[in-house]
Amino acid sequence: MTNKLQKRYKGFIQTPFLWHGNSIENLQQFEIFSKTVKIDISIDENQRLGKYVERLVAFELAQHKHLSILVENLQIQKNKITLGELDCLLLKEGTPIHLEIIYKFYLYDDSVGTTEIEHFIGPNRKDSLIEKLNKLKHKQLPLLYSKACQPYLDTLNIQKKDVCQYVYFKAQLFLPFLNQNMQLNLLNNDCVTGFYITKNEIKEFKDCKFYIPNKKDWLVLRISLKSCG
């Protein structure tokens, strides 16, 4: 176990769920809460952030005695073509659950879209919250009910009608530097982690030093750096 992994896991655990219940697009959150922020496994540092987070979630799930993971990263194929992947199939007190795992970083930009959900975009502007929600609703979750998925469920002795579907959706949200006090109406305000600045606003921080963390270290919620003044 490395100190870096421990800090990342602590930040991951402390990251709130993006919403509660099924208040967004009727997607039901699988809200579990860990009693510890200690982790005692090793994770391949070469994995991309999404897969890295899935390992953290798997460790978290394993700490709950009433949960049992059946299979992770189950690739569904048809005629040797991969149609998609089920992140996790597990049992909760005997009930089979299909769980999709998401951990995202979004910036609020009111020039994009017309609703609160549409305003949140990825840091590189190639991703957005609304795109992810649509993908979950129309591709990732329906995959369970496809004909191609049935043989995989048969091997696990699972009936589609018995499966409950959930999302495990955590996120860090960043508001505009000049509008940091805004309140969200739909999403969890506790997910607001900080603010972002534009090129024109960077002069406000001319006396500051900047640190660019490794992408996996984005999981660390707070870094004690006194770099201004």
Side-chain angles (χ1 to χ4, degrees), residues 11-33 48-54 57 83-88 97-146 164-205 210 212-213 215-222:
F12 157 76
I13 289 296
Q14 292 177 341
T15 304
F17 290 94
L18 189 52
W19 67 87
H20 298 295
N22 64 347
S23 61
I24 301 296
E25 299 291 343
N26 204 35
L27 295 170
Q28 182 68 48
Q29 285 275 17
F30 191 73
E31 298 185 61
I32 60 173
F33 301 94
R48 61 181 179 81
L49 183 60
K51 292 298 182 183
Y52 192 92
V53 166
E54 288 178 8
V57 173
L83 303 180
E85 180 180 281
L86 305 184
D87 284 349
C88 183
I97 290 174
H98 168 208
L99 185 65
E100 287 298 315
I101 299 165
I102 310 99
Y103 192 108
K104 290 287 189 177
F105 304 85
Y106 291 120
L107 312 179
Y108 183 92
D109 184 347
D110 61 9
S111 71
V112 178
T114 59
T115 68
E116 180 177 298
I117 299 295
E118 293 174 343
H119 291 334
F120 278 101
I121 61 174
N124 59 8
R125 305 187 75 89
K126 294 181 180 179
D127 184 18
S128 71
L129 175 55
I130 190 64
E131 288 174 355
K132 184 59 183 178
L133 294 176
N134 286 334
K135 185 177 180 181
L136 282 167
K137 286 182 61 180
H138 302 299
K139 183 177 180 181
Q140 292 176 278
L141 293 174
L143 182 61
L144 176 80
Y145 300 101
S146 66
C164 296
Q165 291 189 302
Y166 291 83
V167 297
Y168 183 111
F169 204 135
K170 289 188 168 187
Q172 294 185 38
L173 305 180
F174 296 84
L175 303 180
F177 173 58
L178 297 178
N179 196 11
Q180 297 179 51
N181 295 322
M182 65 175 291
Q183 290 294 303
L184 304 177
N185 297 313
L186 299 175
L187 302 175
N188 186 0
N189 280 279
D190 291 337
C191 287
V192 175
T193 303
F195 61 87
Y196 70 92
I197 59 175
T198 64
K199 290 182 178 179
N200 292 332
E201 293 164 345
I202 200 169
K203 61 181 179 293
E204 300 290 335
F205 300 86
F210 294 88
I212 302 177
K215 192 169 184 179
K216 294 183 181 68
D217 287 333
W218 291 7
L219 296 168
V220 182
L221 292 184
R222 294 177 179 85

Straight-line distance of [X] [atom1] to [Y] [atom2], nearest 0.5 Å:
X      : Y      : atom1 : atom2 : answer
Ser128 : Ile121 : OG    : CD1   : 8.5 Å
Gln28  : His20  : CD    : NE2   : 12.0 Å
Leu187 : His119 : CG    : NE2   : 11.0 Å
Leu141 : His98  : CG    : NE2   : 5.5 Å
Leu49  : Asp217 : CG    : CG    : 10.0 Å

Within the structure provided, determine whether [X] and [Y] are in side-chain contact (heavy-atom separation under 4.5 Å).
X      : Y      : result
Leu219 : Val53  : yes
Gln29  : Val167 : yes
Phe30  : Val57  : no
Leu133 : Phe169 : yes
Leu173 : Leu18  : yes
Tyr168 : Ile32  : yes
Leu136 : Ile102 : yes

message: My understanding is that only one of Phe105, Phe12, Tyr52 makes a ring-ring contact (aromatic ring centres under 6.0 Å, His included) with Trp218; could you say which?
response: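 Checked Phe105, Phe12, Tyr52 against Trp218; only one passes ring-ring contact (aromatic ring centres under 6.0 Å, His included): Phe105.
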
task: Determine, stepwise, if the pair Thr115 / Ile130 fulfils side-chain contact (heavy atoms from CB on, under 4.5 Å).
output: CA-CA 10 Å; Thr115 68; Ile130 190 64; over 6 Å; no

message: Quick one: does any side-chain atom of Lys170 pair with a main-chain N or O of Ile13 as donor and acceptor, under 3.5 Å?
response: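 Indeed, once roles are kept as given, a pair shorter than 3.5 Å links the two residues.
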
Only pairs at least two apart or in different chains count here, so list each salt bridge (charged side-chain N to carboxylate O under 4.0 Å, His left out) that has a residue in [range].
range            : answer
residues 179-199 : none
residues 98-114  : Lys104-Asp127, Asp109-Arg125
residues 132-145 : Glu25-Lys137

task: Would you please indicate yes or no on a ring centroid separation below 6.0 angstrom for Phe174 and Phe195?
output: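 No, the ring of Phe195 stays outside the 6.0 Å limit from the ring of Phe174, centre to centre.
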
- request: Would you please name every residue forming a ring pair (Phe, Tyr, Trp, His ring centres under 6.0 Å) with Tyr106, sequence neighbours left out?
  value: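 Ring pair (Phe, Tyr, Trp, His ring centres under 6.0 Å) list for Tyr106, sorted by chain: empty.
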
Minimum heavy-atom distance Leu175-Gln180, with the two atoms named: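 Heavy atoms of Leu175 and Gln180 come nearest at CD1-O, 3.4 Å.
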
field: Where Cys191 and Pro16 come nearest, the two heavy atoms and their spacing
entry: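 The answer is SG-O, 3.5 Å.
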
Under the rule for side chain to side chain contact (heavy atoms under 4.5 Å, CB included), what residues qualify as partners of [X], not counting sequence neighbours?
X      : answer
Asn189 : Gln183, Leu184
Thr114 : Glu118
Leu186 : Ile24, Glu116, Ile117
Tyr145 : Lys160, Gln165

Under the side chain to side chain donor-acceptor pair (under 3.5 Å) rule, collect the residues that match up with [X], sequence neighbours excluded.
X      : result
Glu204 : none
Tyr103 : Thr15, Gln172
Asn26  : Asn22

query: Mind checking what makes salt bridge (Lys or Arg N to Asp or Glu O under 4.0 Å) contact with Glu54, not counting sequence neighbours?
result: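 Residues passing salt bridge (Lys or Arg N to Asp or Glu O under 4.0 Å) with Glu54: Lys51.
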
query: Does NZ belonging to Lys203 count more than 12 external heavy atoms closer than 6.0 Å?
result: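 For Lys203, atom NZ is crowded (more than 12 foreign heavy atoms under 6.0 Å).
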
message: Go through it in stages, so that I can follow the logic: the residues are Trp19 and Leu27, the test is side-chain contact (heavy atoms from CB on, under 4.5 Å), and I'd like the CA-CA distance, side-chain angles, deciding distance and then a yes or no.
response: CA-CA 10 Å; Trp19 67 87; Leu27 295 170; 3.8 Å; yes

